[in-house]
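Notes for the one structure printed next.
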Amino acid sequence: MKAPLDLDQLQTFVSIVDTGSFTRAAEAVHRTQSAVSMQMRRLEERIGKPLFEKDGRINRLTEEGDRLLSYARRLLFLNRETLAAFDDRRLEGTIRIGTPDDYADRFLPEIMARFARSNPRVELTVICEPTPGLVDHIKRGNLDLALVTHNDAHGQSEVVRREPLLWVTSANHATHEQEVLPMAFGRPNCIWRRAAVDVLDRQNRDYRILFTSFSATVITAAVLSGLAISVLPECALRPGMRVLGDADGFGALPDCRIGIMRGQTSRPEIVDALARHISESLDNISVPLGEDTGSFDFPAFAFSKTKRTKPNQISPGW
């Protein structure tokens, strides 16, 4: 029987990917760079596959390294969850979290389930509102943490995920072929709405806004019934939706950036734990968050590996 994997080696491996280089990973795990390199050699020997490959001066993840990454994150997460379950100093108290309903529908079930298992004494109070409302709640001290659509104008939020923003229509209707496009959008201050209108105006497309709502459920219903076209992030796609692209006459949209905003709280340790938990749960590894990526060419790896929804693709569900 083979010996179990070394969690310290896996932590270093994940740190290399997260920080973008062996050098910064060494600082993060408090080891020398030579020790980090030795750990990776031993991990490669243990796996029996190369995890990195040289491309000039750049270290890239191999296909095997990419496969290991998701397992490594899950093992490290389970390790922390296990230790927390037996910690007599476990966090306890109440934390108020806010999120738009489309993010809540897609992300909250896993986030809440795992956080509750590792922190059973923490009570989560959840409200669902559009991002502008959540930003106001954060500023007024009504929320401890919010998962929001990142907008530079709203102030600083920590981006934890990036997804393509997509034109969507019903797979069972030809709504997108109408001469005057019927649209379903969020409120006028919705940044997805403004982005979509900008693209339509630049392309001189005739459209009319048929439905306006802050509820993702309403927008989804309008699309699936064939009454309107809308724009949604990839996480909000539903079975029966069709993605539209250039071939259909719909130009590219900016990516949707999902971020975490923190409010003033008397329990920063709980907020920090939940924020870390959300970031890990959303598995933001495929998203380049900065220009300075060091010697590890993570952005190139990310976009070469990420499977994105293509135009004309019909969403089959999750």
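- Ion pairing between Asp8 and Arg42 fails under the 4.0 Å rule for side-chain N and carboxylate O.
- For Asp101 (side chain) and Ala104 (main-chain N/O), no donor-acceptor pair under 3.5 Å exists by modelled atom type.
- The closest side-chain heavy-atom distance from Leu76 to Gln11 is below 4.5 Å.
- The shortest side-chain heavy-atom distance between Arg74 and Leu78 does not fall under the 4.5 Å cut-off.
- The closest donor-acceptor contact from the side chain of Ser279 to the backbone of Ala275 lies at 3.5 Å or more, if one exists at all.
- Put simply, the side chain of Trp192 never gets that close to the backbone of Phe185: no donor and acceptor are under 3.5 Å apart.
- In this view, Asp198 satisfies the salt bridge (Lys or Arg N to Asp or Glu O under 4.0 Å) rule with no residue, not counting sequence neighbours.
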Practice task
For Leu134 and Ile127, run side chain to side chain contact (heavy atoms under 4.5 Å, CB included): C-alpha distance rounded to whole Å, both residues' side-chain angles, the deciding distance at 0.1 Å, then the answer.
Solution key: CA-CA 9 Å; Leu134 297 176; Ile127 68 168; 4.2 Å; yes
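- Arg262 and Asp272 are joined by a salt bridge, as a carboxylate oxygen and a charged side-chain nitrogen come within less than 4.0 angstrom of each other.
- Here CD1 of Ile258 is found 10.5 Å from OG of Ser157. Values are rounded to the nearest 0.5 Å.
- In this structure, Phe13 and Ala72 approach most closely via the heavy-atom pair CD2-CB, 4.2 Å.
- Closest approach of Asp248 to Val243, counting heavy atoms only: OD2-O, 4.4 Å.
- Hydrophobic clustering (ILVMFWY, side-chain heavy atoms < 4.5 Å, transitive): Phe211 and Val197 are in distinct clusters.
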Problem - Val148 vs Tyr103, side chain to side chain contact (heavy atoms under 4.5 Å, CB included): CA-CA, chis, key distance, verdict - result: CA-CA 9 Å; Val148 301; Tyr103 296 163; 6.0 Å; no
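- At least one donor-acceptor pair closer than 3.5 Å links the side chain of Thr175 to the backbone N or O of Gly226.
- Scanning for salt bridge (Lys or Arg N to Asp or Glu O under 4.0 Å) contacts around Arg193 gives an empty result, with sequence neighbours left out.
- Annotation for Ala196 and Leu253: closest pair CA-CD2, 3.9 Å, computed over non-hydrogen atoms.
- Residues Leu274 and Leu124 form a side-chain contact, since some pair of their non-hydrogen atoms from C-beta on lies under 4.5 Å apart.
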Exercise for the section: For the pair Gln33 and Thr23, evaluate side chain to side chain donor-acceptor pair (under 3.5 Å) and give the outcome as yes or no after the intermediate values. Expected result: CA-CA 6 Å; Gln33 187 169 348; Thr23 301; 3.2 Å; yes
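- With hydrophobic clusters built from ILVMFWY side chains whose heavy atoms lie under 4.5 angstrom apart, Leu7 shares a cluster with Met40.
- Leu143 has its side chain out of reach of Met261: every pair of non-hydrogen atoms, C-beta onward, lies at least 4.5 Å apart.
- One finds the NZ atom of Lys49 at 6.0 Å from the CD atom of Glu64 (value rounded to the nearest 0.5 Å).
- With Arg242 contributing its side chain and Ser170 its backbone, the two residues share no donor-acceptor pair below 3.5 Å.
- Atom CD of residue Glu177 and atom CD1 of residue Ile229 lie 9.5 Å apart, to the nearest 0.5 angstrom.
- Linking Ile, Leu, Val, Met, Phe, Trp and Tyr residues whenever their side-chain heavy atoms come within less than 4.5 Å places Phe107 and Met112 in a single cluster.
- For the pair Asp105 and Arg238, the salt-bridge criterion is met [side-chain N within less than 4.0 Å of a carboxylate O].
- Formation of a donor-acceptor pair under 3.5 Å by the Ser225 side chain with backbone atoms of Ala222 is found in this model.
- The shortest side-chain heavy-atom distance between Phe250 and Val231 does not fall under the 4.5 Å cut-off.
- Classified by interplanar angle (parallel below 30°, tilted 30° to 60°, perpendicular above 60°), the ring pair His277/Phe115 is perpendicular.
- Summarising the geometry, atom CG belonging to Leu68 is positioned 10.0 Å from atom CD belonging to Glu44; distances are rounded to the nearest 0.5 Å.
- The local environment of CZ in Arg194 is crowded, with over 12 non-hydrogen atoms from other residues, nucleotides or ligands closer than 6.0 Å.
- The nearest pair of heavy atoms linking Thr12 to Val36 is CG2-CG1, 3.7 Å.
- Contact of the Tyr207 side chain with the Pro182 side chain is not registered, since no non-hydrogen atoms from C-beta on lie closer than 4.5 Å.
- Glu123 places no side-chain N or O within donor-acceptor distance of the main-chain N or O of Ile95, the cut-off being under 3.5 Å.
- Shown here for Gly186 and Ile219, the closest heavy-atom pair between the two residues is N-CD1, 4.4 Å.
- Between the side chain of Arg96 and the main chain of Leu145, no donor-acceptor pair closer than 3.5 Å is present.
- Taking 4.5 Å as the limit, every side-chain heavy atom of Leu232 sits out of range of all side-chain heavy atoms of Leu166.
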Exercise for the section: Might you work through the side chain to side chain contact (heavy atoms under 4.5 Å, CB included) test for Leu10 and Leu75, ending with a clear yes or no? Expected result: CA-CA 9 Å; Leu10 293 178; Leu75 286 168; 3.7 Å; yes
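- Closest approach of Asp246 and Ala252 over heavy atoms only: OD1-N, 4.2 Å.
- Between atom CG of residue Asp102 and atom OG1 of residue Thr217 there is a gap of 8.5 Å, rounded to the nearest 0.5 Å.
- Val14 and Met38 fall into different hydrophobic clusters, where Ile, Leu, Val, Met, Phe, Trp and Tyr are joined by side-chain heavy atoms under 4.5 Å apart, directly or via other members.
- No donor-acceptor distance shorter than 3.5 angstrom exists from the side chain of Glu163 to the backbone of Cys256, with no hydrogens or angles considered.
- Residue Phe214 is not grouped with residue Val168 when hydrophobic side chains (ILVMFWY) are merged at heavy-atom distances under 4.5 angstrom, including chains of intermediate members.
- In this structure, Asp144 contributes its side chain and Gly263 its backbone to no donor-acceptor pair below 3.5 Å.
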Practice task
Apply side chain to side chain contact (heavy atoms under 4.5 Å, CB included) to the pair Leu165 and Glu234, showing each step before the final yes or no.
Solution key: CA-CA 6 Å; Leu165 187 62; Glu234 196 168 44; over 6 Å; no
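- Annotation: the span from Arg60 atom CZ to Asp66 atom CG amounts to 13.0 Å, rounded to 0.5 Å.
- Taking the side chain as every heavy atom from C-beta outward, Thr131 and Pro100 approach each other to under 4.5 Å.
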